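Below: one structure, written as structure tokens.
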Amino acid sequence: MDKVDKVFSEPLNEVDDFNFDDKVADVFPDMIKRSVPGYERIIRHLGTFARLFVTDSSNVYDLGSSLGAATLSMRRSISASNVKMIAVDNSVSMVERSKKLFSAYGSDIPVQVIKQDIETVEISNASMVVLNFTLQFIEKAKRTDLLQNIVKGLNPGGLLVLSEKIHFSNPATQKLIDDMHLDFKRKNGYSELEISQKREALQDILIPETFDEHRNRLLSAGFRSADIWFQQYNFASIVAIK
Ligand code: GEK
């Protein structure tokens with residue numbers, strides 16, 4: 001059973017910036033499922049993408065891997081041989097917990113867990129790279145460099161799956177879909193206090209962009225295609241192929 005997320009349930013005098021610390025890592029599976037519509041479905045389908053795209057003797061990267069849900073889903077579905085997986089996160093709390101999870105689930109495919117900023121990680125011989133709700137935490141001005149680094153390290157035909165909270169340029173659409181997301185959180189048991197305190201904590205930390213902004217950046221970084229394969233409300237997942 002996942003431990004229930006109560007991180008923002010008590011009134012706080014001052015809401016600090018959101019931080020992926022022990023408190024968050026302890027309840028992360030519950031927090032992300034109750035906050036991100038479609039999360040479990042996306043995780044499941046990362047396995048399908050891995051089965052289709054991961055090639056023999058290549059590397060698979062999970063950037064911003066948290067507790068490793070994406071890596072575990074891909075690892076279960078990879079049929080190619082001599083594959084190496086690399087999971088990268090800059091939170092000690094996440095990295096330490098994910099190492100235990102990777103060894104708890106047996107597999108012949110090795111996972112190297114690296115505690116590092118994804119902006120400085122070296123990517124090479126990759127058949128698949130995942131940014132599952134991570135690019136949104138990178139400064140906007142640094143996103144192009146990161147994507148160019150990923151394109152450089154992907155093999156031709158290689159896949160990037162980019163999942164993000166997205167923004168809508170039409171204010172009426174933005175309000176409608178934001179309200180639908182708030183309703184999703186209420187239905188999942190979050191109180192108004194929890195919703196508003198978490199929102200404040202994430203305000204300058206999670207910066208969403210429109211699908212067009214993502215697509216234009218992906219294409220100008222060197223991807224051949226960039227299209228949405230899944231969307232629920234303001235959460236979308238994009239497949240970009242080199
Ligand atoms: C999943 N992908 O379960 N360098 C490395 N890691 C970072 C950086 C950075 N610059 N910035 C943030 N992170 C996961 C979910 S969560 C999404 C990803 C969310 C890490 C951060 O420590 C956290 O673990 C992760 O990115 C974002 O499929 O909480 O909304």
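We use all heavy atoms of the structure for the numbers below, so side chains are in, but hydrogens, waters and symmetry mates are not. Note that the structure is a prediction, hence the values are computed from the model and not measured. Just so you know, ligand 1 is whichever comes first in the structure, and atom 1 is the first atom listed for that ligand.
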Between ligand 1 and [X], is the shortest N or O to N or O distance under 3.5 Å?
X     : answer
Asp62 : no
Ser65 : no
Ala70 : no

Under a 4.0 Å threshold between the charged nitrogen and the carboxylate oxygen, would [Y] count as salt-bridged to [X]?
X      : Y      : value
Asp178 : Lys165 : no
Lys115 : Glu96  : no
Lys3   : Asp30  : no

Among Gly68, Ala87, Gly64, the residue with a heavy atom nearest to atom 14 (C) of ligand 1 is Gly64
[X]: numbered ligand 1 atoms lying under 4.0 Å from its heavy atoms:
X      : result
Tyr39  : 1 (C), 3 (O), 28 (O)
Phe133 : 16 (S), 17 (C), 18 (C), 27 (C)
Gln116 : 4 (N), 5 (C)
Ser91  : 22 (O)

Ligand 1 versus [X]: contacting region, heavy-atom distance under 4.0 Å:
X      : answer
Ile43  : side chain
Val130 : neither
Asn132 : both
Gln136 : side chain

If only atom types and distance count, is the side chain of [X] paired as donor or acceptor with the main-chain N or O of [Y] below 3.5 Å?
X      : Y      : result
Ser220 : Arg217 : yes
Asn155 : Gly158 : no
Arg34  : Asn188 : yes
Thr71  : Ala87  : no

Ring geometry between Tyr233 and Phe184 (parallel below 30°, tilted from 30 to 60°, perpendicular above 60°):
perpendicular
Sub-6.0 Å ring centroid separation between His181 and Phe235
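His181 vs Phe235: aromatic centres under 6.0 Å.
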Would you say Leu131 touches ligand 1, if touching means a heavy atom closer than 4.0 Å?
no
